[in-house]
Number of protein chains: 2
Amino acid sequence: MVATKRRSLDRRRILEAAVRFVDREGLEALSMRKLGAELGVEAMSLYNHVPNKGALLDGMVEVLLGELELPPEDEGWEERIREAYRSFRRLAREHPNVFPLLVIRPPDTMDGVWLVEEFLKTLRGAGFDAETALYAFRALSGYASGYAMAEIRGFAMEPSGTRLGALTLSPDEFPNIHELGIHLGKVDHDAEFEFGLDLLLAGLKGRL
Amino acid sequence: MVATKRRSLDRRRILEAAVRFVDREGLEALSMRKLGAELGVEAMSLYNHVPNKGALLDGMVEVLLGELELPPEDEGWEERIREAYRSFRRLAREHPNVFPLLVIRPPDTMDGVWLVEEFLKTLRGAGFDAETALYAFRALSGYASGYAMAEIRGFAMEPSGTRLGALTLSPDEFPNIHELGIHLGKVDHDAEFEFGLDLLLAGLKGRL
DNA sequence: CGTGTGTCGCTTATGCTGTAAGCTTTCAAG
DNA sequence: CTTGAAAGCTTACAGCATAAGCGACACACG
């Protein structure tokens, strides 16, 4: 039952190597050849475990989703949902190069469905009707994934980085952005993410 | 000054053709050769107007953003912002194949910055302080782009389409999703999008 | 202890891709 | 009419996903 030298590859190992590779080199750099090399194997050998590159990408999304930590059920519904979305955002920060795959190729697996079921259960348990629970799920998920993507890509007007910096813009043409320049240096993305969560959850509580 | 037959290509024409092509054939199908063919020209000719494919993609995002319709200033701030995000979502529905580019390669152009400036001006004018205006911008934009992406890709559990259907899932394992199956057929995405906008804007008004 | 048998990795080959380099055609200005 | 630049064309290259077929090893069974 020991992994013989021959049987060195399997789907799991391939997907995890792909995630590691993309974490390191970026999504564009991923090719079957290079991933094979990473595993000490020729490109075509990967096809024994994965039907094509698209399925490889989907598998990477699975791996990512597997890292999502669902909070225990005994917490209050609101804190549980908060914590779940924090964990979701953590995925983006830990795998900024892989995360976009999750947005572009949403999972179609039982794992993904199970997550949704869990979410709905929590909200139904809190007293929301089925339809509101669905709306809440989509609003919160939309917000979280949109925010996380923006954070990964770097917000426009961030003081440092390659994107346009607020302070370099003409104060006459862009007074409001320029004014923000002062604040931008000390913006706390954790607090900012939480702000949006607050708005949505407060609104939801109002519909209970 | 008349466009001679020779001078048939220019950046604008190329970008618009690219958007049209991707609308029709999908993002993956876009190649310099095929785009050239679309314009009756060899692939390499495109490089006289666009430095590389990345810049082409960025230019397509520009074109998309150019289609965004900003509501006039004389409306109330809330309705103006609502209308702006509705227009944003419309982009996604009109160009579902191109829109993901906007999320993955956010624009770094003056056009984009000008949009932000406009947004901030509206919110500052409504009485929000600079920092809250920034938070609001990011929360709303995150929500809108995340929701639009989800809508484009097709929500999980949508009754029709290739994604997993709620009603095909075992009612025992996934009671909450199954229960939704009844509602899913008549979900109105317009109303759903508006629901999230309501939550966020109501919360924001509370901080005025 | 043979001897299949099927799994899995390797080799080779095809038709794409983006794009560098250099050539040629065309138009406009002097 | 000459000259120069702009812009299209041709060719070429390295890298891509992946189809097809080959060969070697690991295990199951006699």
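Order of the sequence lines sets the chain letters (A, B, ...), proteins ahead of strands, with each chain counted from 1.
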May I have the distance from [X] (atom [atom1]) to [N] (atom [atom2]), rounded to whole angstrom?
{"X": "A:Lys53", "N": "C:dT17", "atom1": "NZ", "atom2": "C1'", "result": "12 Å"}
{"X": "A:Glu42", "N": "C:dT7", "atom1": "CD", "atom2": "P", "result": "22 Å"}
{"X": "B:Leu30", "N": "D:dC16", "atom1": "CG", "atom2": "P", "result": "20 Å"}
{"X": "A:Ile14", "N": "C:dC8", "atom1": "CD1", "atom2": "P", "result": "10 Å"}
{"X": "B:Met44", "N": "C:dC23", "atom1": "CE", "atom2": "C1'", "result": "13 Å"}
{"X": "A:Asn52", "N": "D:dA19", "atom1": "CG", "atom2": "C1'", "result": "13 Å"}
{"X": "B:Tyr47", "N": "D:dC9", "atom1": "OH", "atom2": "C1'", "result": "15 Å"}
{"X": "B:Asp10", "N": "D:dG8", "atom1": "CG", "atom2": "C1'", "result": "14 Å"}

Which listed nucleotide ([options]) is nearest to the side chain of [X]?
{"X": "A:Ser31", "options": "D:dA17, C:dC8, D:dT18", "result": "D:dA17"}
{"X": "B:Ser45", "options": "C:dT19, C:dT11, D:dG8", "result": "D:dG8"}
{"X": "B:Val41", "options": "D:dT18, C:dT19, D:dG8", "result": "D:dG8"}
{"X": "B:Leu9", "options": "C:dC8, C:dC10, D:dG8", "result": "D:dG8"}

Between [Y] and [X], is the closest basic N to carboxylate O distance under 4.0 Å?
{"X": "A:Glu118", "Y": "A:Arg80", "answer": "yes"}
{"X": "A:Arg105", "Y": "A:Glu62", "answer": "no"}
{"X": "A:Glu83", "Y": "A:Arg90", "answer": "yes"}

- [ ] Check whether any side-chain nitrogen or oxygen of A:Lys34 sits under 4.0 Å from OP1 or OP2 of D:dG15, and answer yes or no.
- [x] no
TODO: Please state whether the phosphate of C:dG9, meaning OP1 or OP2, lies under 4.0 angstrom from any side-chain nitrogen or oxygen of A:His49.
DONE: yes
TODO: Classify the side chain of B:Arg33 versus the base of C:dG18 as yes if they form a donor-acceptor pair under 3.5 Å and no if they do not.
DONE: yes
Open item on the list: If you go through the side-chain atoms of B:Asn48, does one of them form a donor-acceptor pair with the base of D:dG8 closer than 3.5 Å?
Closed with: yes
- [ ] Report the distance from atom CG of A:Leu64 to atom CG of A:Leu91, rounding to the nearest 0.5 Å.
- [x] 5.0 Å
TODO: For the residue pair B:Tyr85 and B:Phe88, categorise the inter-ring angle as parallel (less than 30°), tilted (30 to 60°) or perpendicular (more than 60°).
DONE: perpendicular
- [ ] Give the minimum heavy-atom separation between B:Pro107 and B:Leu65, together with the two atoms involved.
- [x] CG-CD2, 3.5 Å
TODO: Using modelled atom types only, decide if a donor and an acceptor are shared between the side chain of A:Arg153 and the backbone of B:Ile104 within a distance under 3.5 Å.
DONE: yes
TODO: Just report the end-to-end axis angle for the helix from C:dC1-D:dG30 to C:dG30-D:dC1, five pairs per end, to 10 degrees.
DONE: 0°
